[in-house]
Number of protein chains: 2
Amino acid sequence: MNKRPTINDVARLAGVSKRTVSRVINGASNVGKATRERIDEVIKETGFSPDKQARGLAASRSFLIGLIYDNPDALYIDQVQRGVLSVCSEKGYELVVHPCNYNTDDFISNCIQFVSRSRIDGVIILPPVSEAKELAEALREKQINYVRMASVDLDDHSNIVVSDDRAALRDLARYMVSLGHRDIGIISGPQRYYSSKERLEGFLETLNELHVEVPVDRIIEGKNSYESGIECARTLLIQSPRVKAIFANNDEMAAGVLKVAHEMGITVPDELSVAGFDDNLLAARVIPALTTVQRPVGDMAALAARKIIAQIEGTEVSETETYLVKPHLIIRDSIKRV
Amino acid sequence: MNKRPTINDVARLAGVSKRTVSRVINGASNVGKATRERIDEVIKETGFSPDKQARGLAASRSFLIGLIYDNPDALYIDQVQRGVLSVCSEKGYELVVHPCNYNTDDFISNCIQFVSRSRIDGVIILPPVSEAKELAEALREKQINYVRMASVDLDDHSNIVVSDDRAALRDLARYMVSLGHRDIGIISGPQRYYSSKERLEGFLETLNELHVEVPVDRIIEGKNSYESGIECARTLLIQSPRVKAIFANNDEMAAGVLKVAHEMGITVPDELSVAGFDDNLLAARVIPALTTVQRPVGDMAALAARKIIAQIEGTEVSETETYLVKPHLIIRDSIKRV
DNA sequence: TTGTAGGCGTTATCAA
DNA sequence: TTGATAACGCCTACAA
């Protein structure tokens, strides 16, 4: 019921100055062993923990990490949040979320304000916002720590964690071809996003190597939404009825393909194979369950958290060298041998 | 590129003391009109905004609102976060997320610590954690502001926002019966949760009024997961093959029912009708699209945010009287007339 | 190795 | 209506 103990209480109880207590709190090396032990004990007894507000005010830090995103995929965001938090809480940071509007004009200043208003120590940026060069530049100019999560290596390795979507799609292409598929259609993502381009290129690249042609009219650009998936699937299936396998840029759109196939009386996977990307909640639930690609989102997020904290605390972890993770194929029921 | 202006800069430029500037910032009434205008102008010119850290240190506030939950439903959480943020950002608060582990022993002290470490001004608690009486008591005892989101009216109305799940299930029952259903099975949620009990009771209540009996062996308690839905559906469908309609406590389990029906060669909705709850992402994607119940989650969350801010700032909004919102039926393709 | 003094940017007390 | 002055709890030069 009493107030929280302060550094002064600890200092008084331990019979030292608060400066010394401060040293102990911050793990400074120049403290006598006996003194340190005495102080540690008092801290334990009193349950003292430094006040973040005061600490922040004095040191210009907040122990707050921001998460910036404009992504409709709630599941992805949830995984990221949990991944980041697993690291944060252990290091004494809290996570402040900031969904934003990538398309508005003031989106950059909005993000900058978010950071400076609350003195956020650093931000983690999710795709597709993370692809915005302007935001990264603005952040850098303002000396704000940031780490981007992306599908392309477009920044210094201490500022980014990338998933190798391209490699994953090469695997998928090989898998499809190995099952005999030759008549392949694609519902790509918006080509203004690197992630979409990477996936498309990785897929086509390997298909070409394996001498499988995909005529341009079998590649349709979707918008990553379920509705868009439905629309594109209709177009594709009517326009190119010979297509026997479709890769959709994400599971949402793949679910749309399933829907259209059902409407048109096409059986999946017997008459049409379908692949998605994300391993969304949907993927396993849908009938037939989707063969798709899973990114280790939680791990990537945790890595991003470690990087941002390393930046903040100036402790360049060796691990900072790691920045590339590879997604892997999840094989379920939506692709069949022909 | 210069540092942010401080209250001192403003005071100097306006030729007043910082105390007066402080009054203007905080909207105190006892400031001369001319003085106020001058100060307002300087604030605008300099782009000054008060530092939250310093402000918090002085006033014992952080302008941080915490979100406590232990809920696997990422979509629900995402909707809540957006709803809360829409209010927060406008009132100058930030949202700090705190997923926790309802089942661990230290879960309460963990939450309390979370709040006190960062001086969180108030917390919003989501179900099912929000049902924990002990947590609410601990919070109250520590004088921590909180608002619970729940399905039952189990707290003071300024501390809770409840969705009337019971009423929604009465509607569902009437709807099913109106379509001729008499052979109804139920996959309920864990009965240790109020929300699950409310739904089950509301459903049975109205069924009884309409003289539709549900034998006890047609009511199976599930765990709200997809897997659990599959398991329960198998049991139910094998044990009571005459069942022609199933209500599942959430969409995840309803998706499980669909899966099992497909496995067993039972056509939905022709031979079996299915209803869910949540209007999950799945609901519209699955085939057939699920008839389900939608809670206005975003609105509830925004309301909760307004309540918590009212508590923090001591401004009891009249709106605080509102606390009950009613979910509504979303009719899709999974229930058919018999 | 330890302590003293001053400052971080704001709000609160009390007088004028 | 205003303004000195002291908190708030911690960190950081600079000394000892």
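In the text below, chain A, chain B and the rest are named by the order of the sequence lines, each starting its count at 1.
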Legend entry - Spacing of A:Arg61 atom CZ relative to D:dC11 atom C1', expressed in whole Å: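 For the pair A:Arg61 CZ and D:dC11 C1', the rounded distance is 12 Å.
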Legend entry - Nearest-Å distance for atom pair CD/P, residues B:Gln53 and D:dC10: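 So the two atoms are 13 Å apart, to the nearest Å.
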Inset, instruction - List for me each residue that meets salt bridge (charged side-chain N to carboxylate O under 4.0 Å, His left out) alongside B:Asp70, sequence neighbours excluded, and say none if there are none. - result: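 Here no residue qualifies.
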Legend entry - salt bridge (charged side-chain N to carboxylate O under 4.0 Å, His left out) against A:Arg61, all qualifying residues, sequence neighbours excluded: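 Partners of A:Arg61 by the salt bridge (charged side-chain N to carboxylate O under 4.0 Å, His left out) criterion, ordered by chain and then number, come out as A:Asp121.
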Legend entry - Which nucleotide in C:dG9, D:dG3, D:dC10 has an atom nearest any side-chain atom of A:Phe48: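 Closest nucleotide to the A:Phe48 side chain: D:dC10.
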Inset, instruction - Quick one: list whatever passes ring pair (Phe, Tyr, Trp, His ring centres under 6.0 Å) with A:Phe107, sequence neighbours left out. - result: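 Partners of A:Phe107 by the ring pair (Phe, Tyr, Trp, His ring centres under 6.0 Å) criterion, ordered by chain and then number, come out as A:Tyr102.
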Which residues pass the side-chain contact (heavy atoms from CB on, under 4.5 Å) test with [X], sequence neighbours left out?
{"X": "B:Asn30", "result": "B:Arg23, B:Ala28"}
{"X": "A:Glu94", "result": "A:Lys52, A:Leu64, B:Val96, B:Phe114, B:Arg117, B:Ser118"}
{"X": "A:Ser151", "result": "A:Ser163, A:Asp165, A:Ser195"}

Legend entry - End axis versus end axis in the helix from C:dT1-D:dA16 to C:dA16-D:dT1, the angle rounded to 10°, five pairs used at each terminus: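 The two end axes of the helix from C:dT1-D:dA16 to C:dA16-D:dT1 meet at 30°.
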Inset, instruction - Identify, residue by residue, the members of residues 27-47 of chain A with a heavy atom below 4.0 Å from DNA chain D, and return them in order of residue number, or none. - result: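 Hits under 4.0 Å, by residue number: none.
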Legend entry - Nucleic acid contacts - residues 7-15 of chain A versus DNA chain D, non-hydrogen atoms under 4.0 Å: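 A:Ile7, in order of number.
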So, does [X] get its side chain near the phosphate of [N], meaning an N or O under 4.0 Å from OP1 or OP2?
{"X": "B:Ser17", "N": "D:dA4", "result": "no"}
{"X": "B:Thr6", "N": "C:dG9", "result": "no"}
{"X": "A:Thr20", "N": "C:dG3", "result": "yes"}

Legend entry - Partners passing side chain to side chain donor-acceptor pair (under 3.5 Å) against B:Asp78 (at least two apart in sequence or in another chain):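 B:Asp78 satisfies side chain to side chain donor-acceptor pair (under 3.5 Å) with B:Arg82 once adjacent residues are dropped.
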Side-chain donor-acceptor contacts of residues 39-48 of chain A below 3.5 Å, not counting sequence neighbours, with atom names and distances?
unit_1: A:Thr46; atom_1: OG1; unit_2: A:Val42; atom_2: O; d: 2.8
unit_1: A:Thr46; atom_1: OG1; unit_2: A:Ile43; atom_2: O; d: 3.3
unit_1: A:Thr46; atom_1: OG1; unit_2: A:Phe48; atom_2: N; d: 3.3

What protein N or O atoms touch nucleotides 12-16 of chain C N or O atoms at under 3.5 angstrom, if any, and at what distances?
unit_1: C:dA12; atom_1: N7; unit_2: B:Arg19; atom_2: NH1; d: 3.4

Inset, instruction - Determine, for B:Arg140 against B:Asp156, whether the closest basic-nitrogen to carboxylate-oxygen distance falls under 4.0 angstrom. - result: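 B:Asp156 and B:Arg140: not salt-bridged.
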